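Accompanying notes for the structure given below.
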Amino acid sequence: MTYEHCHLCPRECGVNRSAGELGFCGCPGEALVAKTMIHKWEEPALAGNGGSGAIFFGGCTLRCRYCQNAPISSRPVGKPVDAVQLRQMMEDLIAQGAENIDLVTPTQYLPTIHDALKEPLPVPVVFNSGGYERVEVLKELEGKIQIYLPDLKYADSKLAMELSSAPYYFSRTTEAIREMVRQTGPVQWQGEKITRGTIIRHLILPGQVENSLKILDWIGQSFRPGEVLVSLMRQYTPMGNLPAPYDRRITDEEYDGVLSWMFLNELEGFTQEKEAADAGFIPDFH
């Protein structure tokens, strides 16, 4: 796992980031941390009473046009850190009461993260990503990640290209999720907290109910009830000047239809209240 000849994500740009070459993500050959915080707004089974110890990395391997973290994801921003400094950030968050260490958009900096996790932490490590991962890279993380929290955004390849510039998104992401579940096994609980397992997030997009139904069908066909959890999100908030239908929030009818399909597939997990679609829940990155 290296920044040289970079093949960390499915784009496999092959550039030497250590020598200053830039690939699709535009990120340098050093990790950039844009923000650390005790994050109270993750799924309740993750946040617990103490909150997640979130480390938000700058940049991203996707270009989602509706990203709520756009101030830090659309370009590589943040404080440069090495593995020792990153490890200290993790330990500081744990000292503040973090229930876990939540690595948000980590893929482009995995060599640094890998080294920072050489020694186990006393709390679970959460790999919180857009789901667009390489199986070969995930295998190098085995034993270091206790909870995977991938998005599964699109079943439709055309939609993935239009909104995230991500070729072969569905095939690459579903392969990656299978590998995540292989590593973690079924979800494990300690009281009301998850200590190990895979939670698949799906954000319902306005006007794209059919896409959501196909996503839920795949999850239901691929995993036994309770083997993974689904976090069905209705928090889509219009960002920037997007065309219709992406210039509005999802409707009650759209959410209720997808939620019913989740139950028909016997999927367990988390849902969101309508109030979640509010910019006030987006961390302040300034």
Side-chain angles (χ1 to χ4, degrees), residues 36-56 68-69 90 93-106 117 120-131 133 138 141-153 173 176-204 212 215-216 219-220 222-236 255 258-259 261-263 265-278 280-283:
T36 64
M37 64 180 290
I38 297 296
H39 196 351
K40 299 281 191 176
W41 305 324
E42 298 289 40
E43 286 78 0
L46 292 177
N49 293 323
S52 288
I55 300 177
F56 290 88
Q68 294 183 352
N69 294 355
M90 297 175 182
L93 287 165
I94 293 168
Q96 294 173 46
E99 304 277 2
N100 51 62
I101 293 299
D102 184 8
L103 305 174
V104 185
T105 320
L117 294 174
L121 290 169
V123 298
V125 177
V126 181
F127 187 93
N128 181 344
S129 85
E133 312 292 345
L138 291 174
L141 295 173
E142 187 162 7
K144 299 182 182 298
I145 305 297
Q146 288 72 51
I147 300 170
Y148 281 102
L149 186 62
D151 290 331
L152 184 49
K153 300 173 183 290
T173 303
I177 289 174
R178 290 185 188 276
E179 170 61 19
M180 295 172 184
V181 177
R182 183 195 70 78
Q183 289 185 24
T184 66
V187 173
Q188 297 179 23
W189 295 80
Q190 185 177 63
E192 296 183 351
K193 294 191 302 183
I194 291 172
T195 57
R196 189 175 184 85
T198 299
I199 304 169
I200 303 171
R201 281 177 167 172
H202 176 66
L203 175 66
I204 304 169
S212 295
I215 292 291
L216 296 176
I219 299 172
S222 301
F223 303 106
R224 300 184 303 275
E227 187 176 7
V228 300
L229 296 178
V230 173
S231 182
L232 189 64
M233 300 188 297
R234 68 178 302 167
Q235 69 187 49
Y236 179 88
Y255 186 75
V258 178
L259 181 61
W261 205 254
M262 176 177 168
F263 294 146
N265 273 284
E266 299 183 326
L267 299 174
E268 302 174 11
F270 311 98
T271 60
Q272 279 187 328
E273 298 297 326
K274 186 175 184 178
E275 291 72 23
D278 189 309
F281 290 102
I282 301 172

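What's counted below: heavy atoms across the whole structure, side chains too, no hydrogens, waters or symmetry copies. If you're wondering where the values come from, they're calculated on a predicted model, not measured in any experiment.
Contact of the Phe270 side chain with the Ile199 side chain is registered, since non-hydrogen atoms from C-beta on lie closer than 4.5 Å. Residues Glu179 and Glu133 are not in side-chain contact: their nearest non-hydrogen atoms beyond the backbone lie 4.5 Å or more apart. The shortest side-chain heavy-atom distance between Asn265 and Ile219 does not fall under the 4.5 Å cut-off. Side chains of Val228 and Ile177 form no contact here, defined as non-hydrogen atoms less than 4.5 Å apart. The shortest distance between side-chain heavy atoms of Leu138 and Met180 falls below 4.5 Å. When side chains are defined from C-beta on, Glu192 does not count as touching Pro44, because their heavy atoms never get closer than 4.5 Å. Inter-residue side-chain proximity for Leu46 and Asp102 is flagged as unmet; no heavy-atom pair is nearer than 4.5 Å. Contact annotation: the side chain of Glu142 approaches that of Arg182 to within less than 4.5 Å [non-hydrogen atoms, C-beta and beyond].
Taking CD1 from Ile194 and CD from Gln146, the interatomic distance works out to 13.0 Å, rounded to the nearest 0.5 Å. Interatomic distance, CE of Met37 versus CD of Gln96, reported as 11.0 Å (0.5 Å rounding). To the nearest 0.5 Å, atom OG1 of residue Thr173 and atom CD1 of residue Ile200 are 10.5 Å apart. Within the model, atoms OG of Ser129 and CG of Asp151 stand 7.0 Å from one another, a figure rounded to the nearest 0.5 Å. Rounding to the nearest 0.5 Å places OG of Ser212 at 12.0 Å from CE of Met262. With rounding to the nearest 0.5 angstrom, the CH2 atom of Trp261 is 14.0 Å from the CD1 atom of Ile215.
Partners of Tyr255 according to the ring pair (Phe, Tyr, Trp, His ring centres under 6.0 Å) rule, which considers only residues two or more places apart in sequence or in another chain, do not exist here. Here Glu268 pairs with Leu229 under the side chain to side chain contact (heavy atoms under 4.5 Å, CB included) rule; sequence neighbours left out.
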TODO: Start with the C-alpha gap between Arg201 and Asn128, add the side-chain angles, then the distance that decides, and say whether side-chain contact (heavy atoms from CB on, under 4.5 Å) holds.
DONE: CA-CA 10 Å; Arg201 281 177 167 172; Asn128 181 344; 3.6 Å; yes

Report task. I would like to know whether Phe127 and Lys144 meet side-chain contact (heavy atoms from CB on, under 4.5 Å); could you show each step before the answer? Result -> CA-CA 10 Å; Phe127 187 93; Lys144 299 182 182 298; over 6 Å; no

task = Step by step, work out the side-chain hydrogen bond (donor to acceptor under 3.5 Å, both in side chains) result for Glu43 and Ser231.
result = CA-CA 8 Å; Glu43 286 78 0; Ser231 182; 2.6 Å; yes

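Here the closest non-hydrogen pair linking Leu152 and His202 is O-ND1, 2.8 Å. Counting all heavy atoms, side chain and backbone alike, Leu203 lies closest to Tyr236 at CD1-N, 3.5 Å. In terms of heavy-atom proximity, Ile55 sits nearest to Met90 at CD1-CG, 3.8 Å. Closest approach of Pro150 to Gly131, counting heavy atoms only: CB-CA, 4.0 Å. Residues Gly50 and Ile38 come closest through the heavy atom pair O-CG2, 3.0 Å. Residues Lys193 and Glu99 share a closest heavy-atom pair of NZ-OE1, 2.8 Å.
For the 3.5 Å distance criterion, the side chains of Asn100 and Glu42 fail to qualify, holding no donor opposite an acceptor.
Lys40 contributes no side-chain N or O that, together with a main-chain N or O of Ser52, makes up a donor-acceptor pair within less than 3.5 Å.
Checking Leu117, Val126, Ile147, Ile94 one by one against Ile101, the side-chain contact (heavy atoms from CB on, under 4.5 Å) holds for a single residue, Ile94.
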